[in-house]
Asker: 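Shown below is the structure under consideration.
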Amino acid sequence: MISTEKLQQDLRQKAEKISLEKSVLSQENLEIMPPNEIRQMLHELQVHQIELEMQNDELRQTQIELDAQRERYFDLYDLAPVGYCTLSEEGFILEANLTAAILLGISRSKLVGRLMSGFVHKEDQNNYYLYRKQFFRSDEKFSFELRLLRENNPPFWAHLITTAAKNSDDISVVRLIMSDITEKKLYEDELNRIAQYDALTNLPNRVLLSDRLSQGMAQSQRHGLPLAVVYLDLDGFKEINDTYGHETGDHLLITLSNQMKQTLREGDTIARIGGDEFVIILLDLKTIEDAIPMIIRLLDATSTPIHVDNFTLTITASLGVTFYPQAQNIDTDLLLRQADQAMYQAKLAGRNRYHVFDTQQDTLLRKRYEFVENMHKAMQSSQFLLYYQPKVNMKTGAIIGVEALIRWQHPQNGLLAPALFLPMIEDHPISIELGEWVIHTALKQMELWQNQGFDMNVSVNISARQLQENNFVNRLQTILAVHPNVNPAHLELEVLETSKLEDMNRTAQIIQSCREFNVLFSLDDFGTGYSSLTYLQRLPIATIKIDQSFIRDMFDNPNDFAILSGIISLATAFELDIIAEGVETIKHGERLLEMGCECAQGYAIARPMPAHELPNWAATWHSHSEWMK
Ligand code: C2E
Ligand code: MG
Ligand code: MG
């Protein structure tokens, strides 16, 4: 297309030429000009005239095209799918296209001159203020989302893009493009909802629960008020599903959800986190006891009969409760696990009830767990060792054997007696592992002594748990097989009379099986248990060891003295060997000898000692003269 300026310049030049030629064609010139020149000039004039007219047409055509373009531009500008506005630095709307006016629900004439902020939703005013500060400064495109107001209509979500510019007077303005993204927002909201809510009951799901719980914990810290986490699991829901079908099950879940929701206060949360599992967060409790009535209401809400089709269903729930804050730092996961664990306790206790998580008990369990872990490590780094305490015949001075007693050489706490660690692992499988280590170590020691020409009977303490392990007899044989040079008859096992030898028949069988390969048993701490007589009658043991408490108190307590002589007569009656523990003084020994008990173990003879000291001790040991009379 020829540019308008060029056309105009062309026309101007031609017009000047014509006027020049016209002036040349003045009357006098015509008279003196030769006729052929005049013709020539006339011809040129006509040509110019035609050219001028043609160019004039062209110009008009261009003008029409320009007008059309302008109109198209305004159509496009006005009816663009997005709204355009120009804002002054102060935020006044200087101009706007029709779409912007339609979006804001106001005529264009009324729009111009208004402050843009007047169209911003009141909850987004702060954001708008912050954005404005940025988009005026930014050289680049700046985009953000806000809710804008539309006259007589609900607000709409707008996506806004701004660019800083200069208008024709070189004044700074901002061009603003706005589009309605309400639908996109709704869609996003829907996606969020699906991600955070349970489709069946419309309750928050696990994702949102975790969010709410974190918020709740922060709020609890801020307000200084505890919160409760309740883990609720329906009792027997599976049976209802199986009997009445899933549709009924679903119906029940929806109804129950609504019923439970109604018992809660605004701000509390109930979430569905599994098939029939719900978690409830009770916020801002004045005291933790305040949760109890609400928990009872929840229990009631679940046990209210529910009518489905023609029948009525009744279900119950088991609830586990825990509170925040606690003495220890705790996170959302652990809180939920505590509540879950407590719920499990409620189920065990018979369902349709609540159980409050016992943090103290839990701390104890955790401490025990740590302890066991430490013991594992101690075993791996060989921190356990055996001490040996002699058992002698006081009358003859003969050494009958030694008792192996475990010690823990603790890197920080020094040498620990078994009472400081064995009770902590009593019911734990590690006690079996440790028990087997003791037998191994004792047998190894016997081999070592044997090699030094020092033959010694060794008794080893075993826990009732270890004895009653399924494969105790096999395990013992396997261990013995590892030490083939040791005569099994030189090994003795001590089992506590106080221990719960639950299945008497089985225990008797185990002891009998060991007897068959010459490993004999003694009943340790005898006299402190309840069923001494039954034990003596039913268990094929070889020796009883009188508990040291009777020896200790035999001079002070006539009862103990009576029991002591009773035990000694019993042993004689059952033809069992007998040995007294805790013989601390020569007088103890004298009295025992008088009563017919010749064998003893105790400080009056020797304290427990490391293995390497024993041969020396044995070489120098001789019984007290008072005993040998
Ligand atoms: P126990 O089998 O009755 O062992 C005798 C305990 O009495 C030993 O305590 C010993 O040091 C102590 N004792 C010995 N003579 C005297 C005395 O004259 N006066 C006093 N006051 N105490 C005396 P220890 O070594 O602390 O062991 C305590 C208990 O731990 C043992 O009692 C036994 O039941 C258990 N135990 C020790 N080692 C093992 C083991 O390797 N395995 C198992 N399962 N239990 C063990
Ligand atoms: Mg013992
Ligand atoms: Mg004992």
Side-chain angles (χ1 to χ4, degrees), residues 375 378-379 383-392 394 400-410 414-445 457-469 472 476 479 491-501 520-529 541-554 577-589 591-592 599-611 613-614 617 624:
M375 281 202 56
M379 278 178 81
Q383 290 174 16
F384 292 101
L385 68 158
L386 294 183
Y387 269 36
Y388 296 88
Q389 187 181 31
K391 297 187 271 189
V392 300
M394 297 180 281
I400 315 165
V402 291
E403 177 177 10
L405 295 162
I406 195 166
R407 299 287 180 267
W408 181 355
Q409 186 62 62
H410 195 280
L415 193 67
L416 303 182
L420 294 172
F421 55 92
L422 288 187
M424 298 286 276
I425 58 161
E426 211 165 17
D427 301 322
H428 197 276
I430 193 179
S431 68
I432 309 291
E433 213 179 316
L434 193 65
E436 293 197 350
W437 174 88
V438 171
I439 303 177
H440 258 301
T441 311
L443 290 171
K444 217 163 34 182
Q445 189 56 55
N457 294 339
V458 177
S459 64
V460 162
N461 294 284
I462 53 162
S463 66
R465 189 194 156 123
Q466 186 177 2
L467 184 68
Q468 287 166 34
E469 276 286 286
F472 175 77
L476 180 62
I479 298 171
L491 177 72
E492 187 185 299
L493 299 178
E494 297 190 11
V495 58
L496 289 184
E497 194 239 357
T498 41
S499 57
K500 282 182 267 151
L501 295 172
L520 299 184
F521 277 76
S522 57
L523 213 45
D524 206 349
D525 295 359
F526 191 83
T528 51
I541 47 143
T543 310
I544 56 178
K545 296 187 80 177
I546 309 172
D547 188 65
Q548 45 182 278
S549 59
F550 299 107
I551 318 295
R552 195 192 313 127
D553 302 334
M554 67 194 211
D577 288 336
I578 187 154
I579 178 166
E581 293 182 307
V583 177
E584 291 187 351
T585 62
I586 293 178
K587 272 182 84 183
H588 284 151
R591 202 50 183 273
L592 282 163
C599 295
Q601 175 182 353
Y603 295 168
I605 300 147
R607 290 190 175 247
M609 62 188 92
E613 288 179 11
L614 200 77
W617 175 86
H624 301 291

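Start at 1 and go down the list; that is how both ligands and their atoms are numbered. The analysis underlying the following values was restricted to heavy atoms, covering all of them including side chains, and did not include hydrogens, waters or symmetry mates.
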Asker: Is Gln466 touching ligand 1 with its side chain, its backbone, both, or neither, if touching means heavy atoms under 4.0 Å apart?
Answerer: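 No part of Gln466 is near ligand 1 at this cut-off.
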
Asker: Let me confirm one number: the CG-CD1 distance from Leu496 to Ile462, rounded to the nearest 0.5 Å.
Answerer: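 Between atom CG of Leu496 and atom CD1 of Ile462 there are 9.5 Å.
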
Asker: For ligand 1, which atoms, with element, lie under 4.0 Å from some heavy atom of Gly602?
Answerer: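 Those atoms are 15 (N), 18 (O).
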
Asker: Rounded to the nearest 10°, what angle sits at the Mg ion (ligand 2) between OD2 of Asp524 and OD1 of Asn461?
Answerer: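 If I round to 10°, I get 90°.
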
Asker: Side chain of His410, backbone of Gln383: donor and acceptor closer than 3.5 Å?
Answerer: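 No, because the side chain of His410 does not come within donor-acceptor range (under 3.5 Å) of the backbone of Gln383.
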
Asker: Would you say the side chain of Arg552 lies within less than 4.5 Å of the side chain of His588, judging by non-hydrogen atoms?
Answerer: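 Answer no - side chains too far apart.
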
Asker: Hydrogens and angles aside, do Lys391 and Ser459 bring a side-chain donor and acceptor to less than 3.5 Å of each other?
Answerer: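 The answer is yes; a qualifying pair exists.
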
Asker: Looking only at distances, can you tell me whether any N or O atom of Ile462, backbone or side chain, sits closer than 3.5 Å to an N or O atom of ligand 1?
Answerer: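 Not met; the criterion fails.
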
Asker: What is the name of the N/O/S atom in Glu403 that sits closest to the Mg ion (ligand 2)?
Answerer: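 Looking at Glu403, the N, O or S atom with the least distance to the Mg ion (ligand 2) is OE2.
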
Asker: Quick one: list whatever passes side-chain contact (heavy atoms from CB on, under 4.5 Å) with His440, sequence neighbours left out.
Answerer: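 His440: side-chain contact (heavy atoms from CB on, under 4.5 Å) contacts with Ile479, Val482, His483.
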
Asker: Whether the Asn457 and Glu492 side chains hold a donor-acceptor pair (N or O, under 3.5 Å, no angle test) is what I'd like checked.
Answerer: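 No - no donor-acceptor pair under 3.5 Å links their side chains.
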
Asker: Please compare Tyr603, Trp437, Phe421 and report which has the shortest non-hydrogen distance to atom 23 (C) of ligand 1.
Answerer: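 Residue with the shortest heavy-atom distance to the ligand atom: Tyr603.
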
Asker: Which atoms of ligand 1 are found less than 4.0 Å from any heavy atom of Gln548?
Answerer: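 So the atoms of ligand 1 that pass are 6 (C), 7 (O), 12 (C), 13 (N), 20 (C), 21 (N), 22 (N), 23 (C).
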
Asker: So if I count the atoms of ligand 1 from 1 in the order they appear, which ones are less than 4.0 Å from some heavy atom of Glu584?
Answerer: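 Contacts of ligand 1 toward Glu584, numbered from 1: 17 (C), 18 (O), 19 (N), 20 (C), 21 (N).
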
Asker: Give the contacting part of Val460 toward ligand 1: side chain, backbone, both or neither, where contact means a heavy-atom distance below 4.0 Å.
Answerer: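 Neither part.
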
Asker: On a heavy-atom basis, I'd like to know which of Ile439, Asp524, Leu416 is closest to atom 2 (O) of ligand 1.
Answerer: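 Of the listed residues, Asp524 has the closest heavy atom.
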
Asker: Would you check if Arg465 and Ile432 make a side-chain contact, meaning some heavy-atom pair closer than 4.5 Å?
Answerer: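 In short, these two side chains touch, coming nearer than 4.5 Å.
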
Asker: Does Glu494 put an N, O or S atom under 2.8 Å from the Mg ion (ligand 2)?
Answerer: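 Within the cut-off used here (under 2.8 Å), Glu494 does place an N, O or S atom near the Mg ion (ligand 2).
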
Asker: Which ligand 1 atoms, with their elements, are less than 4.0 angstrom from a heavy-atom of Ser463?
Answerer: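 Ligand 1 atoms under the 4.0 Å threshold to Ser463: 44 (N).
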
Asker: Nearest to atom 25 (O) of ligand 1 by heavy atom, Arg407, Gln389, Lys391: which?
Answerer: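 Among Arg407, Gln389, Lys391, the closest heavy atom to atom 25 (O) of ligand 1 comes from Arg407.
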
Asker: Is there a side-chain contact between Leu434 and Met379 (heavy atoms, below 4.5 Å)?
Answerer: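 Touching, per the 4.5 Å side-chain cut-off.
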
Asker: Out of the candidates Tyr387, Trp437, Phe421, only one should pair with Trp408 under the ring pair (Phe, Tyr, Trp, His ring centres under 6.0 Å) rule; please name it.
Answerer: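 It is Phe421, the one option of Tyr387, Trp437, Phe421 that forms the ring pair (Phe, Tyr, Trp, His ring centres under 6.0 Å) with Trp408.
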
Asker: With respect to atom 41 (O) of ligand 1, which of Asp547, Asp525, Val438 exhibits the smallest heavy-atom separation?
Answerer: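 Nearest option to atom 41 (O) of ligand 1, by heavy atoms: Val438.
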
Asker: Within the structure provided, determine whether Phe521 and Val495 are in side-chain contact (heavy-atom separation under 4.5 Å).
Answerer: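 The answer is yes; the side chains approach within 4.5 Å.
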
Asker: Within the 3.5 Å criterion, strictly below it, is a donor on His428 or Ser431 matched to an acceptor on the partner's side chain?
Answerer: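 On atom types as modelled, these side chains do not qualify, holding no pair under 3.5 Å.
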
Asker: Looking at ligand 1, is there an atom of it that comes within less than 4.0 Å of some heavy atom belonging to Arg552?
Answerer: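 Under 4.0 Å: no for Arg552.
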
Asker: Has ligand 1 got any nitrogen or oxygen that is less than 3.5 angstrom from a nitrogen or oxygen of Gln601?
Answerer: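 No, no N or O pair falls under 3.5 Å.
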
Asker: When you look for heavy atoms under 4.0 Å from ligand 1, do you find them on the side chain of Glu403, its backbone, both, or neither?
Answerer: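 Side chain only; the backbone of Glu403 stays clear of ligand 1.
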
Asker: Looking at Pro608, which atoms of ligand 1 are within less than 4.0 Å of one of its heavy atoms?
Answerer: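 Those qualifying, in numeric order: 11 (O).
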
